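Working notes for the structure below.
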Protein chains: 2
Amino acid sequence: MSQLSTKSHTEAIMGLAGAKSGDRGSPNPCEACAVRGLSVCSALEPEDLPRLDRIVSHIQVSPGQLVFLEGDPADHLFVLTDGCIKLYKMLIDGRRQITGFLFPSDFLGLAMRERYAFSAEAVAVSALCRFPKRQLEQLLVEIPALERRLLGVASNELAAAQDQMLLLGRKTAQEKLGSFLHSLLRRTAPRSKAQDRIHLPMSRADIADYLGLTVETVSRCFTRLRKDGVVDFTTPQDVLIRDLGMLSDLSGVSDEY
Amino acid sequence: MSQLSTKSHTEAIMGLAGAKSGDRGSPNPCEACAVRGLSVCSALEPEDLPRLDRIVSHIQVSPGQLVFLEGDPADHLFVLTDGCIKLYKMLIDGRRQITGFLFPSDFLGLAMRERYAFSAEAVAVSALCRFPKRQLEQLLVEIPALERRLLGVASNELAAAQDQMLLLGRKTAQEKLGSFLHSLLRRTAPRSKAQDRIHLPMSRADIADYLGLTVETVSRCFTRLRKDGVVDFTTPQDVLIRDLGMLSDLSGVSDEY
DNA sequence: GCATGCCATTGATGTACATCAAGGCGGGCG
DNA sequence: CGCCCGCCTTGATGTACATCAATGGCATGC
């Protein structure tokens with residue numbers, strides 16, 4: 001694990017260095033942001049946007065690159081504007097638990113503590129807005145609506161975390177896969193053209209580590225779902241939902257999820 | 001499950017009715033509160049305390065009684081002042097996942113959403129301060145320090161939830177039990193006389209539902225830990241930690257936990 | 001074009017934990 | 001006091017998923 005850490009950490013620093021930090025010259029990027037209106041930033045009045053612009057910088061990461069490592073000083077907060085990021089924790093022997101996947105407009109680094117409680121690594125080529133924590137905290141004081149908004153984001157994350165605990169502790173492998181596809185559909189379909197298609201940017205190993213399973217079990221359950229006519233795969237990364245009802249049943253949704 | 005819900009819900013209402021709601025007559029209970037200084041309330045200046053007093057009411061619940069049910073309108077927030085509360089979610093077929101145990105000074109109802117995302121039920125005789133959400137939100141606007149504090153609480157809960165995901169998804173039964181005892185020790189020992197003793201107010205079934213196991217496995221792992229000299233039981237509810245080192249190793253602690 | 005290596009899939013086997021079942025113990029109540 | 005009833009423990013058996021192992025597809029690079 002240590003060789004992974006150090007190596008990846010270096011990559012991350014290179015990644016950060018390669019970013020167009022500060023974005024001096026581009027006038028007010030936040031106003032034109034793709035996720036403006038969806039993300040935390042929507043809590044701001046248009047006239048407050050320049051204050052965000054002043055402290056934001058933009059970074060790019062490619063698959064496998066780290067945004068930060070568990071235990072790093074938590075100096076920055078992020079908003080994902082494009083791509084996909086995975087968050088994970090590890091045990092000393094290398095067992096890994098992915099605690100979440102982030103998609104555009106998602107907030108990163110909410111854990112407002114001394115150090116990051118998990119690592120963040122790019123799944124796909126991704127773009128993030130980066131805010132220095134100190135300066136953003138100053139903004140929070142001046143703009144209560146922003147703080148309110150963060151509290152709302154935290155609430156949602158907490159609720160999602162509890163759903164995930166239920167999944168990890170009490171659902172079968174089939175149900176886990178069903179729930180996973182179902183929640184992915186709800187999160188990403190609204191912003192895609194086809195309402196019944198899901199793109200899976202992450203590997204089977206990532207899915208396994210998210211659901212507390214192994215690669216083999218994930219694969220077997222997927223083929224089972226396919227043979228049962230619930231889903232179909234155009235490629236291993238592209239899922240077609242053929243029977244949403246069965247998928248919902250499987251995921252154990254009632255009101256939640 | 002439905003009969004449980006309705007029955008328990010009635011109990012909860014009775015419990016709430018039985019509480020000394022409003023506490024008219026007692027002048028400023030918050031000032032004398034047992035958990036004042038530990039809990040969210042510590043974010044308040046002494047001169048602001050009466051404003052809390054004005055909106056707080058106090059309720060008592062006995063073991064098995066509900067504080068609220070998943071899906072209920074989230075009209076109140078709580079601070080636990082005494083006892084122990086369990087939070088849980090259920091699947092339609094009755095499988096249950098306990099998402100957390102609360103101890104005195106813990107905050108309850110952080111998920112600031114329309115409806116509660118989980119149920120809260122007393123494990124031991126418990127006392128709570130109850131705040132109407134609307135009125136507390138008004139206070140949040142007027143006292144930014146309070147909102148800041150809530151965000152901090154949310155961060156901590158989020159971090160704890162991620163630790164729990166790692167536990168549920170990737171740890172063995174032994175490690176789960178070890179982690180459980182270890183974190184309980186860290187949470188409750190500071191406030192108890194004996195630094196190496198843990199009282200378990202919850203049943204084996206509750207522990208099982210918290211760790212994603214069965215009662216039998218919990219019991220077997222406990223006896224294993226006892227035979228290995230890691231812990232000892234004076235009663236099934238009272239644990240003596242005999243080898244903290246082994247316990248730490250087992251729980252997979254590095255910095256975290 | 002072919003070699004290389006990663007990723008997904010599938011099969012054979014193993015095992016950690018669940019399930020089923022049977023006492024033992026202690027507390028509450030008649 | 002003694003019966004009853006939950007709760008905990010322990011044993012026997014079952015199973016869902018992990019592990020081990022082999023193969024094929026696809027992209028990358030020489």
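Since the structure is predicted, the reported quantities are computational estimates derived from the model, not experimental observations. Reckoned from all heavy atoms, side chains included, excluding hydrogens, waters and symmetry mates. Order of the sequence lines sets the chain letters (A, B, ...), proteins ahead of strands, with each chain counted from 1.
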For the pair made of [atom1] in [X] and [atom2] in [N], what is the distance, rounded to whole Å?
X: R95(B); N: dC17(C); atom1: CZ; atom2: P; answer: 19 Å
X: L211(B); N: dA18(C); atom1: CG; atom2: P; answer: 10 Å
X: R170(B); N: dC17(C); atom1: CZ; atom2: P; answer: 13 Å
X: K176(B); N: dA16(C); atom1: NZ; atom2: P; answer: 14 Å
X: F222(A); N: dA8(C); atom1: CZ; atom2: P; answer: 10 Å
X: R224(B); N: dG11(D); atom1: CZ; atom2: C1'; answer: 15 Å
X: K171(B); N: dC17(D); atom1: NZ; atom2: P; answer: 22 Å
X: L168(A); N: dC17(D); atom1: CG; atom2: C1'; answer: 15 Å

Given the side-chain rings of F101(B) and Y210(B), with only the six-membered ring counted for Trp, is the space between their centroids under 6.0 Å?
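Yes, the ring of F101(B) comes within the 6.0 Å limit of the ring of Y210(B), centre to centre.
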Check: S248(B)/S251(B) side-chain N/O donor and acceptor closer than 3.5 Å:
no
State which of [options] makes the closest approach to the side chain of [X].
X: L213(A); options: dT10(D), dT9(C), dC17(D); value: dC17(D)
X: R220(A); options: dC17(C), dA21(D), dA12(C); value: dA12(C)
X: T214(A); options: dA18(D), dC17(D), dT9(D); value: dA18(D)

Counting any heavy atom closer than 4.0 Å, what does S203(A) reach on the DNA or RNA strands: base, sugar-phosphate only, or nothing?
sugar-phosphate
Can you find a side chain N or O atom of [X] that sits less than 4.0 Å from OP1 or OP2 on [N]?
X: T223(A); N: dT9(C); value: no
X: Q174(A); N: dC17(D); value: no
X: T217(A); N: dA18(D); value: yes

For side-chain contact (heavy atoms from CB on, under 4.5 Å), just list the numbers for L102(B) and C84(B), CA-CA rounded to whole Å, side-chain angles, deciding distance to a tenth of an Å, and then say yes or no.
CA-CA 6 Å; L102(B) 300 186; C84(B) 179; over 6 Å; no
Can you see whether F78(B) has R130(B) sitting over its ring - NZ or CZ less than 6.0 Å from the centre and within 45° of the normal?
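Not satisfied by the 6.0 Å and 45° rule.
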Going by the angle between their ring planes, with limits at 30° and 60°, are Y116(B) and F68(B) parallel, tilted or perpendicular?
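Geometry flag for F68(B) against Y116(B): parallel rings.
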Does any donor-acceptor pair link the side chain of E216(B) with the base of dC20(C) at a separation under 3.5 Å?
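Check passes, donor-acceptor contact within cut-off.
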